[in-house]
There are 2 protein chains.
Amino acid sequence: MRDVATLAGVSVMTVSNVVRGAPNVSDATRRRVLETIERIGYVPNSSARNLRAGRSGVVSLAIPTIDNSYFAELARLLMDEAAALGWTVLIEQTKGDGELERRALAGYGPTPTDGLVFYPQALAADEVAAHAAGRPLALLGEQGDRGPGDLVIVDNEGAAREAVAHLLALGRRRVAAVGESPAAGTENSHRRIAGYRAALEEAGVPLDAELAPRVDHYTRAEGAAAVGALLDGPAPPDAVFAFNDMLAVGAVHAALERGLRVPEDLAVVGFDGTDEARYCNPPLTTVAPDKRGIAREAMRLLHERITRGDDLPYRTVRMGHELLVRRSSLATAGG
Amino acid sequence: MRDVATLAGVSVMTVSNVVRGAPNVSDATRRRVLETIERIGYVPNSSARNLRAGRSGVVSLAIPTIDNSYFAELARLLMDEAAALGWTVLIEQTKGDGELERRALAGYGPTPTDGLVFYPQALAADEVAAHAAGRPLALLGEQGDRGPGDLVIVDNEGAAREAVAHLLALGRRRVAAVGESPAAGTENSHRRIAGYRAALEEAGVPLDAELAPRVDHYTRAEGAAAVGALLDGPAPPDAVFAFNDMLAVGAVHAALERGLRVPEDLAVVGFDGTDEARYCNPPLTTVAPDKRGIAREAMRLLHERITRGDDLPYRTVRMGHELLVRRSSLATAGG
DNA sequence: CAAGCCAAGTTTAACGTTACACACTCGGGC
DNA sequence: GCCCGAGTGTGTAACGTTAAACTTGGCTTG
């Protein structure tokens with residue numbers, strides 16, 4: 001910048017004014033400065049800028065892993081929304097590890113970020129509150145009534161209930177729920193279990209604890225393993241409600257691998273409404289939260305919180321969902 | 001930091017020394033400073049640090065989109081490798097747009113990055129060279145002999161040839177190639193087409209231009225559309241070699257949707273070796289590049305270039321690949 | 001016991017940018 | 001002729017950190 005100033009015969013401050021589009025610069029000067037900038041290839045130093053401004057223009061997105069279709073799609077949408085606001089998104093993978101989640105919350109790392117969109121997995125609501133340290137925060141997923149930040153949620157319990165009711169309406173009576181996790185953190189899986197139980201109760205179907213295996217990670221492999229074990233067991237299910245689409249894809253795989261028909265012998269419903277669910281075979285029935293809406297609201301709330309300051313009350317926005325019924329659940333029990 | 005210094009009764013510099021683990025600080029002082037840091041919750045300001053150091057500890061990863069299984073998996077591996085080197089990865093989506101690719105190369109954006117891992121799609125090799133502006137660069141994918149940075153490549157032509165030869169060995173004679181793109185950029189698709197042609201020629205099968213439809217994006221939807229159109233046409237293929245797994249999944253979907261059997265009526269081979277390919281139905285034969293190796297080498301080369309300076313010659317590392325044969329191609333022609 | 005050395009800590013001066021206050025020039029109104 | 005304000009532009013002092021040079025006092029050593 002100093003070089004530009006010298007070469008253009010103006011002060012450093014004038015260069016700064018030109019770069020920032022500030023007023024009080026004549027057209028002639030502006031042109032001359034811009035030309036010089038072009039000529040010597042000057043690029044503003046963001047570190048210095050951030051140092052001055054006290055802001056970085058970067059927000060973190062802390063999610064378990066990026067190679068999960070749901071988070072990949074969500075990340076893309078969030079990045080699009082952020083770009084529209086002039087922001088950059090820095091993705092951090094927490095791997096469902098409490099320590100990594102704490103760090104993401106506290107804002108360690110080499111890059112300063114102005115705020116955080118956080119999908120907690122290992123951390124319980126009170127721990128999230130304890131480590132947020134007053135940073136602007138948008139939380140994805142239910143977190144008790146109020147968090148240390150704004151909440152963007154879907155009605156997990158209602159959605160789960162709807163999905164299971166759909167399976168029960170097809171005459172299924174042994175519906176497995178795959179996705180309860182030892183990770184204490186997110187309320188999401190608890191709510192989905194609650195919705196599952198409510199639907200069973202409503203239909204007068206007895207609860208069988210064996211039908212709700214625990215999984216550590218929401219991957220295709222674990223879905224296949226968990227459902228495979230159930231199918232090989234003494235009292236196999238006739239339907240599966242999986243807590244995400246990857247587990248559901250694994251469930252379908254396990255069934256087909258064993259020569260069972262989907263949906264005739266095993267109906268499967270997933271959760272997330274990913275593109276993968278739509279194109280797999282058979283196409284997967286899935287609970288589709290309004291991902292675009294979630295991304296938009298999360299960024300909007302975070303933006304307001306960062307720019308307007310912390311006197312804002314914590315807000316909760318509930319986004320809609322939709323049960324996309326496809327072939328994987330389109331047959332009554334027994335075929 | 002000044003507050004910490006005041007409260008601990010030392011100079012700012014001593015705090016800095018403690019934070020950085022520099023020598024010449026007594027244990028007693030160190031303890032006192034650390035306590036104070038803990039107490040008032042001091043977090044070092046990275047902007048200022050970067051400003052001083054002239055480095056940011058962040059490297060960019062510029063890929064077309066993150067919601068593509070291959071890039072999602074690759075991103076995860078790259079982030080793991082980066083973390084092991086103490087680095088953070090900033091993902092930028094170029095969407096196959098030339099302008100966005102140029103910006104990513106030039107290093108615009110609000111965050112300073114020390115280097116770039118770049119998967120070019122729209123930009124041709126010479127344009128990449130023109131806009132790299134001397135930044136440390138690791139290129140994924142073939143780019144002519146030498147780029148403006150290190151190259152990590154797989155043998156696209158050989159891999160494609162192998163995949164198509166596999167289909168021909170099953171007696172298939174009308175093998176479609178899906179993935180040629182109007183995007184001038186990456187050599188990858190050209191090389192794969194070349195491998196496809198070579199395999200056909202080697203087997204004495206005539207080339208049919210109709211069997212190589214162009215696609216704009218490597219998505220499931222476009223794969224389904226392109227292959228659907230071929231299947232509805234006058235001379236449908238009996239096999240498909242797709243340039244990535246998402247196109248292949250779309251191809252399978254299009255076939256099944258039309259009541260065709262996969263692999264009996266249409267054999268399908270993909271490219272990328274994603275987890276999705278393994279778990280879809282039928283499981284997808286796919287060319288699996290050594291993703292972990294690619295991630296490791298890309299980060300290693302970039303790290304060397306950033307730390308050791310630019311006097312390093314440009315290097316090229318060729319990674320292996322493997323044809324994972326699964327059910328989607330396990331039937332001879334006609335059943 | 002003076003000379004020298006070492007550990008422990010401080011002072012100073014940057015890194016590149018920008019907010020703020022100030023200065024200059026010029027035309028017009030009184 | 002003087003003052004004023006608008007339009008341009010400049011100087012200064014930070015932002016938070018750290019490399020390098022400097023100070024201080026205690027301890028060894030010949």
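Letters A, B, ... mirror the listed sequences (proteins, then strands); counts begin at 1. A quick note: this is a predicted structure, and the numbers were derived from the prediction, not measured.
Closest approach to the B:N24 side chain among C:dG9, D:dT10, D:dT18 is made by C:dG9 (side chain taken as heavy atoms from C-beta onward). Taking every side-chain heavy atom of B:V25 into account, C:dG9 is the closest of C:dG9, D:dA20, D:dT8. Checked against C:dC15, D:dG16, D:dT18, the side chain of A:R2 finds its nearest nucleotide in C:dC15. Residue A:R20 places its side chain closer to C:dA19 than to any other of C:dT17, D:dG16, C:dA19. Considering only side-chain atoms of B:V10, the nucleotide from D:dG16, C:dT10, C:dT17 that sits closest is C:dT10. In this structure, the nucleotide among C:dT17, D:dC15, D:dG9 sitting nearest to the side chain of A:L51 is D:dC15. Considering only side-chain atoms of A:M13, the nucleotide from C:dT18, C:dG16, D:dG16 that sits closest is C:dT18. In this structure, the nucleotide among C:dT17, D:dG9, D:dT17 sitting nearest to the side chain of A:R49 is C:dT17.
Side-chain nitrogen and oxygen atoms of A:S16 include at least one within less than 4.0 Å of the OP1 or OP2 phosphate oxygen of C:dT18. When the side-chain nitrogen and oxygen atoms of A:S11 are compared with OP1 and OP2 of D:dG11, none of them lie within a distance under 4.0 Å. Within the structure, a side-chain polar atom (N or O) of B:T29 is placed less than 4.0 Å from OP1 or OP2 of C:dG9. For A:S26 and D:dG7, the shortest distance from a side-chain N or O to OP1 or OP2 is not below 4.0 Å.
Rounding to the nearest 0.5 angstrom, the gap separating the CG atom in B:L61 from the OG1 atom in B:T113 is 11.0 Å. Note that CG of B:D272 and NZ of B:K291 are 6.5 Å apart. Values are rounded to the nearest 0.5 Å.
Across all strands shown, B:T14 has heavy atoms under 4.0 Å from base atoms, whether or not it also approaches the sugar-phosphate.
In this structure, the CG atom of B:N45 is 16 Å from the P atom of C:dT17, given to the nearest Å. Straight-line distance from the CG atom of B:D27 to the C1' atom of C:dG9: 15 Å, rounded to whole Å. In this structure, A:N17 places its CG atom 9 Å from P of C:dA19, rounding to the nearest Å. The distance between atom CG of B:N50 and atom P of D:dC15, rounded to the nearest whole Å, is 18 Å.
The base of D:dA19 is not paired with the side chain of B:R52 by any donor and acceptor separated by under 3.5 Å.
No more than 12 heavy-atom neighbours from other residues, nucleotides or ligands sit within 6.0 angstrom of CZ on A:R292.
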